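Order of the sequence lines fixes the chain letters, A, B, ..., with proteins taken first and strands second; residue numbering starts at 1 for each chain. Quick caveat: nothing in here was measured; it's all calculated off a predicted structure.
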Number of protein chains: 2
Amino acid sequence: MSPTTNQPINRQFRLAERPQGVPTAGVWDYVEEPARSPDEGEMLVKVEYISLDPAMRGWMNARKSYIEPVGIGEVMRAGAVGEVLDSKADGFAPGDKVYGVLGVQTHATVPARGIHKIDATLAPIQRYLGALGMPGMTAYFGLLDIGRPEPGQTVVVSGAAGAVGSLVGQIAKIKGCRAIGIAGGPDKCRWVVEQLGFDGCIDYKSEDVYQSLKQHCPDGVDVYFDNVGGDILDAVLRLLAMRARIVICGAISQYNNLDQVRGPANYMSLLVYRARMEGFVVLDYAQQYSRGVAEIAKWIGEGKLIVKEDIRDNFERFPEIFGMLFKGDNLGKLIMKP
Amino acid sequence: MSPTTNQPINRQFRLAERPQGVPTAGVWDYVEEPARSPDEGEMLVKVEYISLDPAMRGWMNARKSYIEPVGIGEVMRAGAVGEVLDSKADGFAPGDKVYGVLGVQTHATVPARGIHKIDATLAPIQRYLGALGMPGMTAYFGLLDIGRPEPGQTVVVSGAAGAVGSLVGQIAKIKGCRAIGIAGGPDKCRWVVEQLGFDGCIDYKSEDVYQSLKQHCPDGVDVYFDNVGGDILDAVLRLLAMRARIVICGAISQYNNLDQVRGPANYMSLLVYRARMEGFVVLDYAQQYSRGVAEIAKWIGEGKLIVKEDIRDNFERFPEIFGMLFKGDNLGKLIMKP
């Protein structure tokens with residue numbers, strides 16, 4: 001492809017303003033413009049699947065978190081996979097399938113740094129956004145390295161029907177633990193128990209989480225993998241087993257909080273139960289991803305681990321599809337196909 | 001002494017009702033009655049020094065914490081040291097100096113279980129209520145085993161002029177760390193820096209804790225030993241160093257909270273800084289106390305560790321003296337001498 005002729009149109013969502021609460025469509029500008037040809041060391045990638053993750057909400061705030069915020073006017077940040085169309089970067093050639101932070105756009109012109117080739121023969125490439133990507137690595141290293149479950153122990157995970165939570169519970173089962181999920185709605189709960197093999201799942205929309213947890217976890221909660229924060233974290237804190245570990249992975253209930261975040265009122269349970277609450281960021285495990293990918297791929301191949309991808313194909317409706325994450329409308333890993 | 005003649009009068013404070021907020025004098029009944037003679041396996045102890053600790057407030061609530069609550073009508077629970085007057089317990093004889101949970105009373109008739117002989121030649125016996133007792137063990141094991149400070153790291157401790165905090169900062173210094181205290185009032189802060197050798201001390205009553213901490217800890221806080229909870233915990237959470245450890249030892253700011261305890265709103269900093277918040281109960285280290293006592297006694301003997309005991313001798317004024325803990329009126333270990 002010549003850099004000056006037939007350049008594809010890049011459709012993109014740029015951050016226009018910082019959201020208050022749940023982002024509305026107006027916080028992004030939809031823009032169409034010709035894709036930029038790659039400079040030396042860059043490549044042009046046709047984006048095939050875009051990952052939609054709760055963490056993206058945090059990147060939209062002005063305050064620096066574990067990474068810099070998305071700047072106003074910049075393409076909305078997102079992990080994605082796609083195919084190289086044109087390359088001036090060593091080691092990358094047209095036709096290569098790659099993963100990188102390509103953004104919410106149909107064509108990304110990006111430097112080679114941070115772009116990784118993926119093996120399209122091992123799995124469908126969108127799997128590198130889910131079980132073989134960040135959510136998979138988050139579940140794997142968060143549960144095993146921070147949560148450190150032992151066989152026979154009880155592992156509870158919130159967001160159990162989501163990209164990370166659905167894997168956490170299944171990995172807990174593979175490791176010989178009891179797995180109890182917390183999810184929103186009877187359909188999700190049924191799926192978590194019947195399809196994924198959790199020992200139980202609590203519907204936080206219709207059940208008293210504390211009372212149900214008490215029934216499901218008569219010996220207390222040894223590991224809690226927290227994706228949501230808020231009331232559910234507080235309920236679990238009251239039901240810890242001695243020397244329990246709480247893995248702080250996210251706090252989706254608080255991401256859109258307009259007032260100050262509400263802290264866990266029952267945190268003194270950490271003292272009563274000699275328990276630990278620890279945060280982690282999956283990026284710290286980058287050097288070990290290959291181990292996690294290999295083991296998860298093996299479990300998928302053996303039929304021990306089921307993956308669910310919820311693929312939506314209406315690029316223009318990105319704001320609405322992204323909002324599903326906070327309404328709890330998705331099952332498994334939410335992915336957008338341009 | 002005959003069990004029926006000349007039995008001493010036991011003056012005591014019994015819990016009359018569960019307090020709301022800061023306990024008023026009316027929540028205890030003051031009672032005088034003859035001390036009970038020991039039965040088989042028991043001893044009668046003349047109480048010489050009574051330990052007043054923030055944790056006692058928690059024992060007054062109806063809800064079980066890490067130990068059972070004090071029952072209505074029971075003598076108020078407290079650690080104490082004294083001298084055996086009469087014994088029907090193997091291994092204890094009149095004249096022995098002992099430590100145990102003897103209660104807020106002048107004479108305790110108690111079973112031998114839980115009573116320990118102390119060496120009055122090694123240190124004044126009230127020291128077994130402070131640096132060589134629970135507060136000392138709390139500082140020692142909480143800081144070293146849970147906080148795990150490394151030389152050159154910054155250790156922050158709240159309640160820095162109190163029984164535990166004053167030791168935490170000094171042990172941190174002995175271990176080659178920078179020690180920053182947080183205490184209430186200029187006198188306490190001056191004492192902490194000039195007498196105890198902390199590198200700095202923030203007066204939370206007159207300073208903006210967050211801003212002052214930022215100045216004192218330019219590289220962030222590696223270990224925070226938390227005795228107070230509340231706003232100070234939230235301020236520290238914003239200033240953690242990577243992989244920081246927060247030792248949850250107490251939450252004195254919340255013990256008298258009439259509404260629900262306020263949780264740390266900034267707990268998601270645990271994720272940003274890959275940090276850990278962990279509770280502990282010193283009783284779990286009972287098997288290792290002898291090691292802690294020996295090392296602290298050595299440091300005191302070498303002049304590396306200064307202990308301060310605040311001894312009050314008006315038994316009838318127990319409710320008022322106990323209240324000093326929550327007004328921040330004591331310096332060092334608060335002790336009552338009947």
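- Scanning all heavy atoms of the two residues, the minimum distance from Ile248(B) to Leu271(A) falls at O-CD1, 3.6 Å.
- In this structure, CE on Met242(A) lies 5.5 Å from CG on Asp284(B), to the nearest 0.5 angstrom.
- A heavy-atom distance below 4.5 Å is not found between the side chains of Leu270(A) and Glu278(B).
- Other residues, nucleotides and ligands contribute at most 12 non-hydrogen atoms within 6.0 Å of the CD atom of Gln215(A).
- For a residue to count as touching a neighbouring chain, one of its non-hydrogen atoms must lie under 4.5 Å from one of that chain's; by this rule Leu233(B) touches chain A with the side chain only.
- Contacts with chain A were tallied for Val281(B), Ile246(B), Val247(B); Val281(B) has the most, counting heavy-atom pairs under 4.5 Å.
- One distance of note links CG of Asp226(B) with OH of Tyr267(A); it measures 5.5 Å at 0.5 Å rounding.
- Of all the listed residues (Arg245(A), Arg274(A), Arg243(A)), the one sharing the greatest number of non-hydrogen pairs under 4.5 Å with chain B is Arg274(A).
- Distance check, rounded to the nearest 0.5 Å: CZ of Arg276(B) to CD1 of Ile146(A) gives 8.0 Å.
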